[in-house]
There are 2 protein chains.
Amino acid sequence: MGARRGRTDAVLDRESPVPLYYQLAQNMETAIRQGRLSSGSHLENEIELARQLRVSRPTVRRAIALLANRGLVIRRHGIGTLVVPVRVRRPVRLSSLYDDLQEAGQTPSTRLLAREIVPAPAEVAGSLQLSRGTRVLHFERLRLATDQPIALMRNFVPLSLEEVVTEEGLKSAGLYQLLRQNGIHLRLASQTIGARSAQRREARLLKVPAGGPLLTMRRISYDDAGQPVEYGSHVYPAERYSFEMSVVADSRT
Amino acid sequence: MGARRGRTDAVLDRESPVPLYYQLAQNMETAIRQGRLSSGSHLENEIELARQLRVSRPTVRRAIALLANRGLVIRRHGIGTLVVPVRVRRPVRLSSLYDDLQEAGQTPSTRLLAREIVPAPAEVAGSLQLSRGTRVLHFERLRLATDQPIALMRNFVPLSLEEVVTEEGLKSAGLYQLLRQNGIHLRLASQTIGARSAQRREARLLKVPAGGPLLTMRRISYDDAGQPVEYGSHVYPAERYSFEMSVVADSRT
DNA sequence: AGAAACCAGTTGTCATGACAACCTGACATC
DNA sequence: GATGTCAGGTTGTCATGACAACTGGTTTCT
């Protein structure tokens, strides 16, 4: 194995419920992010990797496909698989701001500003596939990271989730975590990112000038039965928050 | 085959250079978008689909995985594959605004405002992995859709691309198309979406009030050798443009 | 009636095997 | 030097086969 070729130092636990391909992908991702697989280098070829790791080549391929889809490697036909610079960030996947911040090592805290049952506004009703005016649970939170407000979040969920989305829960965890803990599996979301000027209340809460620019994000999330379970409308101070993401070309995977 | 089960009516061209799994995925996607596979319905099961289409089950699985990753279906273990509502939009993939608009049926037109060789500003140089002050090609365009300005776009590319990114080309096509036509394959990008207030010139060009909110997008694109080939900084009038996307949960695919 | 066990149906994982397509570098030819 | 050919190396596609894991419905037991 040439010095130019990275080695994965992978340890695959064959007793684990986590699939081999996923373990391998995670191991490789960690190696890339920690610089053990340095950017600009090529992975060992698939056949050799499969031999070394004592897994089948499709298993290796599947792990690498995961990495490619996350923008961590670029595969070229006939050439090999290139590790790319990791300034390229996170793939676009459905996650919550709470989870994101935790992952980024920023301690998120939450102020619950409101939690009430309301008739669904038209757009919320439409999005949650409810009749106009159906009662839904509405809650509003101010999220802070390192004691700076970074998001004002308004959410609506069907009333059936009232006992899942408790006041206590909302204070200590993110919404998606609460849902997950109660067996609700989010699988998909429709998302719109935009911008607008801050209204007075928002400006005050987010500590931006009135009329200053806000980044906005609206999201409708669906569970694994395809049912909409959340309508969210979040605003962020533009000076302190932006969406960073890696984007991959349509690679047929 | 129950009435509840969708049928794909797929026609697979085995002589085509397009892989079977990709053809199948495209056929299914078309059927979904045209309502022939109606949302809320389940696809026929994998084994049966494979039998009907005379392909292997992994080929079917791979096509379905593509759809799942695009947010068009949700797969549930033991249950089947659910077609989801197609209000859920486009997957996040590396593409250009020009291509997007064309795809959306909006006739894009372009006004080239500037094209010049300049020393790279620090951020551009850093992003394109060039020495500070290296000369690069800078160009600025105003993009209109249905005669409304919807983007002001500033881009920088390495000087080696000077003869690819011509004045004529920029007027009639998008940048990514020009690159593609010259054998440059973009594979990955790092992207930041934010917001800010419009400066006076921008406001005039985009027909928004000075100080009004703009949606911003900065992007660094990389080719298939992992080399950065484009730095782009685009601004959009918030009232007329937003990013719509579908987002999928981390599904291990 | 409620809980546990069972079963059929479906997706998920993994392996083996074969061949095609692409790419690069070396070599031959003009 | 430029162009063409070819072999070796690598990724890409596809098939066959086997088994595991999950789900919901049905049956059995308490």
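Chain A is the first sequence line, chain B the second, and so forth, proteins listed ahead of strands; every chain is numbered from 1.
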Completion exercise
Residues at least two apart in sequence or cross-chain that pass side chain to side chain contact (heavy atoms under 4.5 Å, CB included) with A:R180, listed by chain then number, are A:D99, A:Y176, A:Q177
Problem - Protein-nucleotide distance (A:L53, atom CG; C:dA15, atom P), rounded to Å - result: 10 Å
Completion exercise
Residues A:L37 and A:L43: closest non-hydrogen pair is CD1-CD2, 3.6 Å
Handout entry: Results of side-chain hydrogen bond (donor to acceptor under 3.5 Å, both in side chains) for A:E123 - residues two or more places apart only
Key = A:R218, A:Y231
Completion exercise
Regarding the side chain of B:T59, the nearest nucleotide among D:dT11, D:dA15, C:dT13 is D:dA15
Problem - Value in whole Å for how far the P atom of D:dT16 lies from CD of B:E46 - result: 16 Å
Pull out every protein N or O sitting under 3.5 Å from an N or O of nucleotides 3-5 of chain D, one pair per line with the distance.
none

Handout entry: Under 3.5 Å donor-acceptor, A:R187 side chain and B:R75 backbone
Key = yes
Problem - Length of the line joining B:L49:CG and C:dG9:C1', which is rounded to integer Å - result: 15 Å
Practice task
Classify the nucleic acid contact of A:I47 as base, sugar-phosphate or nothing, counting any heavy atom under 4.0 Å across all strands shown.
Solution key: base
Exercise for the section: Please answer whether the main-chain N or O of B:V18 pairs with a side-chain N or O of B:Q23 as donor and acceptor at a distance below 3.5 Å. Expected result: yes
Handout entry: Any A:T81 side-chain N or O less than 4.0 Å from OP1/OP2 of D:dT10
Key = no
Handout entry: Interatomic distance where CD belongs to A:E15 and C1' belongs to C:dT13 [whole Å]
Key = 15 Å
Handout entry: Spacing between A:I64 atom CD1 and D:dG12 atom C1', to the nearest angstrom
Key = 12 Å
Exercise for the section: May I ask you to verify if any side-chain N or O of A:R61 is less than 4.0 angstrom from the OP1 or OP2 atom of D:dT11? Expected result: no
Handout entry: A:S56 side-chain proximity, nearest of C:dT10, C:dC14, D:dA15
Key = C:dC14
Fill in the blank from the handout: side-chain hydrogen bond (donor to acceptor under 3.5 Å, both in side chains) pairs touching residues 153-167 of chain A, sequence neighbours excluded, are A:R141-A:N155, A:N155-A:E230, A:N155-A:H234
Handout entry: B:R57 (side chain) and C:dG12 (base): donor-acceptor pair under 3.5 Å
Key = yes
I'd like a list of close polar pairs between nucleotides 20-23 of chain C and the protein, N/O only, cut-off under 3.5 Å.
unit_1, atom_1, unit_2, atom_2, d
C:dA21, N3, A:H77, NE2, 2.8
C:dC22, O4', A:H77, ND1, 3.4

Fill in the blank from the handout: Heavy-atom nearest pair, B:L137 first then B:L159, reads N-CD1, 4.0 Å
Problem - Flag, side chain of B:T30 to backbone of B:Q26, donor-acceptor distance under 3.5 Å - result: yes
Practice task
Take the protein atom NE2 of B:H42 and the nucleotide atom C1' of D:dG24, then report the distance between them rounded to whole Å.
Solution key: 12 Å
Problem - Rounded distance in Å - CG (B:L82) to P (C:dG9) - result: 21 Å
Exercise for the section: Find the distance between OH (B:Y22) and CG (B:L12) and round it off to the nearest 0.5 Å. Expected result: 14.5 Å
Exercise for the section: Please state how far atom OH in B:Y21 lies from atom C1' in D:dA15, giving the value in whole angstrom units. Expected result: 16 Å
Practice task
State which of D:dT13, C:dG12, C:dC14 makes the closest approach to the side chain of B:R62.
Solution key: D:dT13
Exercise for the section: Return yes if some donor-acceptor pair links the side-chain N/O of B:T134 with the main-chain N/O of B:S131 below 3.5 Å, else return no. Expected result: yes
Exercise for the section: Please say which of B:I64, B:L66, B:V84, B:L82 ends up in a side-chain contact (heavy atoms from CB on, under 4.5 Å) with B:V73. Expected result: B:I64
Write down the protein N/O and nucleotide N/O pairs, taken from nucleotides 5-8 of chain C, whose separation is under 3.5 Å; answer none if there are no such pairs.
none

Handout entry: Side chain A:R115, main chain A:V165, donor-acceptor under 3.5 Å
Key = yes
